[in-house]
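The structure appears right after this line, and notes come after that.
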Protein chains: 2
Amino acid sequence: MPQPGQRSTAGRDEILAAATDLFAESGYDAVSIQAIACRAGTSKANVFHHFRSKEALYLEVMRAACSRFAAASELADRGAEHRYTEGIVDFLRADFVQLRADPVHAHLILREVLESGPGRGQALARDVFDDHFRLVVDLFREGQAAGVLADDVVPEAAAVMMIAAGVFSFQSRHVLRHLPGVDFIDDVDRYGDTMGRILLNGMRARTRQPGQDES
Amino acid sequence: MPQPGQRSTAGRDEILAAATDLFAESGYDAVSIQAIACRAGTSKANVFHHFRSKEALYLEVMRAACSRFAAASELADRGAEHRYTEGIVDFLRADFVQLRADPVHAHLILREVLESGPGRGQALARDVFDDHFRLVVDLFREGQAAGVLADDVVPEAAAVMMIAAGVFSFQSRHVLRHLPGVDFIDDVDRYGDTMGRILLNGMRARTRQPGQDES
DNA sequence: CTGCGCCTTGACCGGACGGTCGGTCGGGGG
DNA sequence: CCCCCGACCGACCGTCCGGTCAAGGCGCAG
């Protein structure tokens, strides 16, 4: 916060960064323009000089977050290209590190996607979510076409489960971390591989038919 | 809304119900006492007559939601008691129907648990989450002790994955429902059983050793 | 019928909100 | 050199927030 009489050097970028942090932390309604200006080291009026309104500022924050994650998704997809089962584990790992590498933007997008009511940036966030989902579904479909994965499993269901594993472990990491026996939650190698193994074994072609239920 | 001169009959319960719906829909900050009073068909002052403050009202709402879900968890646990693998599928299904049977309270609790910042009812919500988590972990441990499930999988990791499957499919149902091929998201029989099957096959004892990586 | 509590009410409060405005400042171009 | 323009500021506006309060109507005991 600048002393009275001094001028700050805070421009668009500083304001945008401050807004990103605060919005991610507490959500749209709980954050005031004053708080954003204060963290950016500038005045409230200056925020309105750079952004038309609070909603416009929020939308700008969301747009940045979305473009960042869309790019990361594409990268993960290219890395896992045409390797079927191993690609699925790689993709899961990529999800893990992606979320943890940029938890602020991740939280922003996830809140917008998973909140039920009509949100301000929902359209933006859902687009990147949809793209990601389609990528995962295609991966499972490839595995089934190659005969590696059981084809009696709806690939969309498997995709939901895989994304769930990544997203939920990220969302709930602060709760789980303090539970006994759950020190693995940020360890991509330990937890991510365990998940990948379970998911892959569970879907492997012809391992077991439904209907059997004896131990 | 009552006409001027008329009196409303809205008591504690109506106000609590209105507050529950609105808080679940939009979160604490986005809901005003006026809005709650209006939906309950009474005046703002009357809300303060029945509840000390906005926070006290919110806490009451959270307490009701938590006790409801704690009871449901216990019920599901007793229903699945001592049946190991089949019990796990039953528990997963119970989670599914529990969340979908009371989506309003479910959303309230989940938001409080999964939000990172210090929330108002976080302590309450995390308690029921912890209890639920411990129940699932115990279930997996029993399965391992009985030799049905692979004992080289950390039971806590499996529990995270199972709860993730249930919670995430519930959280994201509004997004997923409109995606092609994802019409199963509210179908407990179809999606729940698929998930249970994948999870169970993936964890079955001695199906495969880690280290193998051929398709 | 009278008097007495208990609800419920509209009016009201201080304060914080999103947003506007007049004006100051400093650096780059004629 | 000056002047112009975008960045920036303090002060301010109307609104709405959470919360308070005195007054009035209703049910009930006497």
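Keep in mind it's a predicted model, so treat the numbers as computed, not measured.
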Among D:dA7, D:dG10, C:dT8, which nucleotide sits nearest the side chain of A:H49? D:dA7

Earlier contact from the 5' end, DNA chain C, for B:K44 and A:F48: B:K44

In whole angstrom, what separates A:N46's CG from C:dG19's P? 15 Å

May I have the distance from A:I33 (atom CD1) to D:dC9 (atom C1'), rounded to whole angstrom? 16 Å

Just to confirm, is there a sub-4.0 Å distance from OP1 or OP2 of C:dT9 to any side-chain nitrogen or oxygen of B:T42? yes

Under 3.5 Å, side-chain donor or acceptor atoms of residues 163-173 of chain A against the rest of the protein: list the pairs with distances, not counting sequence neighbours.
residue : atom : partner : partner atom : Å
A:S169  : OG   : A:R100  : NH2          : 3.4
A:S169  : OG   : A:A165  : O            : 3.1
A:S169  : OG   : A:G166  : O            : 3.0
A:S172  : OG   : A:F168  : O            : 2.7
A:R173  : NE   : A:F170  : O            : 2.6

Send over the distance from B:E14 CD to C:dT8 C1', rounded to a whole Å. 14 Å

With a cut-off of 3.5 Å and sequence neighbours excluded, list every side-chain donor-acceptor pair involving residues 24-35 of chain B.
residue : atom : partner : partner atom : Å
B:Y28   : OH   : B:E55   : N            : 3.4
B:S32   : OG   : B:A35   : N            : 3.2

Tell me whether B:E112 is salt-bridged to B:R120, with the criterion being a basic N under 4.0 Å from an acidic carboxylate O. no

Please verify the inter-ring angle class for B:F23 with B:Y58; under 30° counts as parallel, over 60° as perpendicular, anything in between as tilted. perpendicular

Quick one: B:Y58 OH to D:dG18 C1', roughly how many Å, whole number? 17 Å

Nearest listed nucleotide, side chain of B:H50, among C:dT8, D:dT20, D:dC8: C:dT8

Do any side-chain nitrogens or oxygens of A:S32 fall under 4.0 Å of OP1 or OP2 in C:dC17? yes

Measure from CG on A:D29 to P on C:dA16 and round the result to the nearest Å. 18 Å

Distance check needed: C:dA16 P versus A:K54 NZ, whole Å only. 15 Å

